[in-house]
2 protein chains.
Amino acid sequence: MSAKGQPVTLGEVAKAAGVSIATASRAINGSTRRVSEDIRKRVQETADRLGYLPNLSAQAVAKGASSTVAVVVSDIADPFFSAIAAGVMRGANEAGLVVTLAAADHTPQNELDIVRTFRSQRPRAIILSGSRSVADPNQALLDEQLEAFASTGGKVVLISQSPSPFDVVELANREGARELARVLVERGGQRFGIVTGPQRLMTNRDRVAGFREGLEESGTSLETDAVVEAEFSRDGGYTGLRTLLSRVPEVDTIFATSDVMAIGAMTALRDLGKTPGKDISIAGFDDIDTARDVTPTLTTVVAPLADMGYRAVKLAIDPDAARDPQVLKVNTSVIVRESTPVRERASA
Amino acid sequence: MSAKGQPVTLGEVAKAAGVSIATASRAINGSTRRVSEDIRKRVQETADRLGYLPNLSAQAVAKGASSTVAVVVSDIADPFFSAIAAGVMRGANEAGLVVTLAAADHTPQNELDIVRTFRSQRPRAIILSGSRSVADPNQALLDEQLEAFASTGGKVVLISQSPSPFDVVELANREGARELARVLVERGGQRFGIVTGPQRLMTNRDRVAGFREGLEESGTSLETDAVVEAEFSRDGGYTGLRTLLSRVPEVDTIFATSDVMAIGAMTALRDLGKTPGKDISIAGFDDIDTARDVTPTLTTVVAPLADMGYRAVKLAIDPDAARDPQVLKVNTSVIVRESTPVRERASA
DNA sequence: CTGTTAGCGCCTTCAG
DNA sequence: CTGAAGGCGCTAACAG
């Protein structure tokens, strides 16, 4: 259609329409469109004809505010984070915002670098998803960056754990795990084991603590060796389960602190010649899509991940910017599937 | 630390360091840093002290080129696309580029809107992933947008099918499916069935055509009713399989044109009282992570998805911008798992 | 090597 | 309601 060239500029549209550049601006992108209707139409038409598209960067410099929201995830290929990202993108889309995404790859240092780069973009908001760590040396530096961003008018939303100086969308990890424990006891579980990700991540701490509480409330308890810590991934679930079974062979019900780990654990069980959902019950946390596609289908705690992402955006663009930091607690529910059949009590 | 305020600007750094704004620019962001070492150091130090971060938007306007690469996916929660996105992000990160992402949600109209928004961002490149459709009325409009983007110096890379006026990263769908067919015949398959996504998508066309070829080369063929079309999703796989079995009950081996569909089909099989990998063999395409976590583990055609995303970025930032459009063919390989056991030939 | 001077594309007072 | 002028933060010639 056209040879190499430069994008059409607002000035060109103005000239072609026979109006000033200011009028063109008001006609096309103006917030308070106080422009006579016929001129507005004329300008709009020539803009369309010329294929004019506003330059967002230029708008951002001029207005001092961009239309971008920046999101940090640990790993976009992890269904947990991609579900959150999907929700964020839906929310951003509704608000006419552009999403920029970066993966920290489970490395605090990367997270720090990413936030720095994001700050350079002057986004409207930065959304961080991923568990908070305890005693992370980088945490102070990260908070410093976020604080600085917030102090220059940026919004920070954490999909993580409170307390925090910023808005937080917080999953009811503890409560969800507690209810799961109760359900599993009701279904006849007696000897429990846990395969968990690193305890330095609050998510894992809370889920383990909650599960313990639920057990105790049901009059059961956990043996000392029955909690195995491994990588927070499918392979971690696999190795973690083997360790667990070698230490406490007689467990009948296993809680993995994420579905991804649970799925790895189920494969490990099979490789040990045991049938998950029959020889041993197993449950996870998150309710990722795959949970209903594995065999047996996986009992788990439902976390409305996409919804959490969506709500994080809503918090981020809340017009009442000067309010106090807010905590949005997100509730969970337990869904029982085939992996945790009702079992006979040996001594009841 | 600091009260509400504006971000630190280059001008402030310059003043604090006692140099001109131009020198500060050269010292910090200058490409050809022809600045005396001691001044450079001094400027850098005061920049750090003040917490200066360059304004990317301003840089983009001034330079007339941004440091962004824009990516369109159909659905980020789909493991197929999130794997590609992961690769893109890795590549972009290596090149110091920022990634902006949008989901078209399988709707051509959305895709068009997204590309328009992306054009406004003036990204360095736009990467489109997702199959090309045949006879899509929006296709012309989309191509027009992309053409316009390219004609103003933007790079377009398609993770899709050739031919195309743009760079393409193309998966060997046809060849992969053909090899899969051969393997399945070798393992004793005799009555084949296919569950496919919409034939309007080139991806499905090619995979079905290739599978057919492979069968014919092996002296087998497909019955007329044995190809069922359904939605290109897990649920499509589920319903598609039921239709297939009701039409041709005696099939012994099924090819689903994606792993996601295959997984839905496996669940459907079980719901019909049949055991996948025993009563009926089944295979998919893509090798998403879940393929090795389902039971039985899924035989499939490996598509190096993350790698494809990575390579798409590399193509996008290829310095030799003025070269002819390039097609990067990506090879596949078949991986045999439990879902396709060797079976006895009934009549051999 | 450094500073001065123009811009980049757009928005936004401020006059008319 | 419209236009002229200044400015957003930064880079890129151009002189010294």
Side-chain angles (χ1 to χ4, degrees), chain A residues 5-44 46-47 50-68 119-124 152-154, chain B residues 5-44 46-47 50-68 119-124 152-154:
Chain A
Q6 294 306 117
V8 181
T9 171
L10 188 56
E12 305 179 57
V13 175
K15 183 151 42 151
V19 297
S20 80
I21 210 175
T23 310
S25 170
R26 288 187 275 249
I28 299 185
N29 313 313
S31 36
T32 55
R33 62 162 166 76
R34 31 186 207 180
V35 143
S36 74
E37 183 53 22
D38 51 339
I39 284 212
R40 200 199 57 70
K41 232 175 62 182
R42 180 151 48 95
V43 173
Q44 188 61 61
T46 73
L50 267 45
Y52 168 77
L53 287 171
N55 183 322
L56 289 184
S57 290
Q59 286 190 162
V61 242
K63 297 210 260 214
S66 78
S67 54
T68 292
R119 283 233 286 147
S120 265
Q121 296 194 77
R122 308 283 190 272
R124 190 100 100 229
T152 55
Chain B
Q6 294 306 118
V8 180
T9 171
L10 227 204
E12 305 179 59
V13 175
K15 182 151 45 150
V19 298
S20 81
I21 201 175
T23 308
S25 171
R26 289 186 275 248
I28 299 184
N29 313 313
S31 36
T32 54
R33 63 160 167 76
R34 29 186 210 181
V35 145
S36 75
E37 184 53 22
D38 50 339
I39 284 214
R40 200 199 56 71
K41 231 176 62 182
R42 179 150 52 94
V43 173
Q44 188 61 61
T46 74
L50 267 44
Y52 168 78
L53 286 171
N55 183 322
L56 288 185
S57 290
Q59 286 190 164
V61 238
K63 296 209 261 212
S66 78
S67 54
T68 292
R119 283 233 285 147
S120 264
Q121 296 195 78
R122 308 281 190 274
R124 199 94 97 240
T152 55

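The sequence lines fix the lettering, A, B, ..., with proteins before strands; numbering per chain opens at 1. This one's a predicted model, so the numbers in the text were calculated from it and none came from an experiment.
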If you only use heavy atoms from C-beta on, which nucleotide in [options] is closest to the side chain of [X]?
{"X": "A:Arg26", "options": "D:dG9, C:dT13, C:dC10", "answer": "C:dT13"}
{"X": "B:Thr23", "options": "C:dT2, C:dC11, D:dT11", "answer": "C:dT2"}
{"X": "A:Ala22", "options": "D:dC10, C:dT2, C:dT12", "answer": "C:dT12"}
{"X": "B:Ile39", "options": "C:dT2, D:dT11, C:dC10", "answer": "C:dT2"}
{"X": "B:Thr9", "options": "D:dT2, D:dC10, C:dC10", "answer": "D:dC10"}
{"X": "A:Val61", "options": "D:dA13, D:dC8, D:dG3", "answer": "D:dC8"}

*With DNA chain C as reference, determine whether B:Asp38 or B:Ala62 sits nearer its 5' end, using the nearest nucleotide of each.*
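Looking at DNA chain C, the more 5' nearest nucleotide goes with B:Asp38.
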Could you check how far [atom1] of [X] sits from [atom2] of [N], rounded to whole Å?
{"X": "B:Gln121", "N": "C:dC8", "atom1": "CD", "atom2": "P", "result": "22 Å"}
{"X": "A:Arg40", "N": "D:dT2", "atom1": "CZ", "atom2": "P", "result": "12 Å"}
{"X": "B:Ile21", "N": "C:dT4", "atom1": "CD1", "atom2": "C1'", "result": "12 Å"}
{"X": "B:Lys63", "N": "D:dA13", "atom1": "NZ", "atom2": "P", "result": "12 Å"}
{"X": "B:Tyr52", "N": "D:dG9", "atom1": "OH", "atom2": "P", "result": "10 Å"}
{"X": "A:Asn55", "N": "D:dC10", "atom1": "CG", "atom2": "P", "result": "16 Å"}

[N] phosphate, OP1 or OP2, under 4.0 Å from [X] side-chain N/O:
{"X": "B:Gln59", "N": "D:dC10", "value": "no"}
{"X": "A:Ser57", "N": "C:dC10", "value": "no"}
{"X": "B:Ser25", "N": "D:dT11", "value": "yes"}

*Determine whether any donor atom in the side chain of B:Arg122 lies under 3.5 Å from an acceptor atom in the base of C:dG9, or the reverse, and answer yes or no.*
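There is none.
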